Amino acid sequence: MGDTNLDGLIETLHAIAAVKFGSFKLKSGQMSPIYIDLRVIVSYPKKMTEVADLMWQTVHGGESKFQHVCGVPYTALPIATCISVKQNIPMLIRRKEGKDYGTKKMVEGHFKVGDKCLIVEDIVTSGSSVLETVQTLNNEGIKVDQAIVLLDREQGGKSSLANHGITLHSVLTLTQVVKTLHRMGKIESSLVEQTEHFIKSNRHDITVPSSIKTSNTDNKKKVFAVCKSYRERSESCQHSLSKKLYSIMETKSTNLALSVDLTKSNDILQIVDTVGPFVCIVKTHVDIVEDFSQSFVNHLSDLAKKHNFILFEDRKFADIGNTVNCQYNNGIFKISSWADIVNVHPVPGEGVIAGIKQTGLSLGRGCLLVAEMSSKGNLATGDYTKAAVKMAENHKDFVIGFICQSRLTDDPNFIHMTPGVKLSSGDDALGQQYSTPEDAVINKGADVIIVGRGIIQATDPVSTAKQYQQAGYNAYLQTLK
Ligand code: 5IU
């Protein structure tokens, strides 16, 4: 037996075509047998207030718990307004337009640091929209530990939010909607089965985008899968270097980058020659090489050809455009003459990219932005990371991706490379934080894992590199399932 209130609500949602059946292409590209569009509810004010009342009742005993309610833009805004007016709880409005964020007020309404806010949303799939709103509120010092949603699609949002310390209350679930409509004779049992099958097979999938870090957790448990083979990724990206990298990853079955942080050129060349077959990238810090010479980079470039990998100088340029251009081309290292990829800190602004690009573009080089770091207490978070993504988007002809700790964008042009990887997680004594290859690829959305000491300090670097290659590649295969 169903709850009569809820039965009535489900019947109404079906009648006003907020719930439709058929074959629908979702944003993710997946085909769904059911489509839910709660935006139409604004045309039925009475229903909208009923929905708002039901949602409020579902949170239960909330009267004194929240100083504010805040709707996730846009569909939930009128519902949040109804709750605010009826329950006499002040509302907050989260601005969605991020254009001038940093300078513009992101939350409208009066509040105090430490105030608690209830999030109101229409539908939750992955939970990512709720988390974006939570992050904006958290940035202002507003606390969030509960969200109310009219409908939970049961595709992982509840547990993803729980991982961020947020309890999700829902009035309805997708299963409940289809079962009720079937009981009422409105849909065939085959549709119930199709929907249940759809929910089961799409439970994991969802991107919780970028750098969303709420104040409740350190956001370690994000769920992500790119779900595209290296071959497909190679086809969908623009830059010739990205295409080459994905094709190497495909051919050599590896997403492993070796960070060869050694100080003697012979040691570097020796390990690179033996580990080369298992990696797609060799990453250097040439300024730690005591006996650096032109012949060393010549040998390194020969090994890159011999073993088919790409050279990445982890220089992390971070000055004004003119200076980084000089640093890139000159001095004893002449980085632009041999490194396929370099990285830059976005802190100086777009000039840092322009400075490298001025020389690198015509040489077919690429650049990565350090959008997040693996070290404890680093400042590359939140709006900084978002601004890095924007910067990258403005220079797609040259920026091929990010050094990061989470999936920052679904744009296929950007490769996500994640350092701080070891077979067992933990820290070093100087603030480095490690996650496992599986965690980096499956949960953090890394395309490439960067491993240094895990390999170069191993007693048998070659067999250890193979282990990392297998772990990283198997994790990638799991994301394709
Ligand atoms: N590296 C990091 N974390 C970062 C960035 C770069 O570890 O956030 I940006 C570099 C530093 C080192 C390598 O060269 O990646 C990781 O080495 P280990 O695997 O030995 O910690």
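In each ligand, atom 1 is the first atom listed, and ligand 1 is the first ligand listed. Quantities reported herein were computed from a predicted structural model and do not represent experimental measurements. We number each residue from 1, following the sequence as shown.
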Any Q405 heavy atom less than 4.0 Å to ligand 1: no

Listed partners of E250 passing salt bridge (Lys or Arg N to Asp or Glu O under 4.0 Å), at least two apart: R231

Protein contact to atom 21 (O) of ligand 1 [nearest heavy atom, distance to 0.1 Å]: Y434 OH, 2.6 Å

Residue part near ligand 1, for R453, under 4.0 Å between non-hydrogen atoms: both

By side-chain hydrogen bond (donor to acceptor under 3.5 Å, both in side chains) - contacts of H239 (at least two apart): none

Nearest-0.5 Å distance, NZ of residue K305 to CG of residue L311: 9.5 Å

Mode of K422 contact toward ligand 1 - side chain, backbone, both, neither (heavy atoms, under 4.0 Å): neither

Passing option when E154 is tested against V124, T125, I199 for side chain to side chain contact (heavy atoms under 4.5 Å, CB included): I199

Ligand-side contact atoms (ligand 1) for residue partner H285, heavy atom cut-off under 4.0 Å: 14 (O)

Proximity to ligand 1 by part of N343, non-hydrogen separation under 4.0 Å: neither

Stepwise side-chain contact (heavy atoms from CB on, under 4.5 Å) test for F296 and I268: CA-CA 9 Å; F296 163 67; I268 295 174; 3.9 Å; yes

Taking atom 9 (I) of ligand 1 as the reference point, the nearest protein heavy atom with its distance: K316 CE, 3.3 Å

Proximity flag Q457 to ligand 1, non-hydrogen atoms under 4.0 Å: no

Region of S374 engaging ligand 1 - heavy atom pairs below 4.0 Å: both

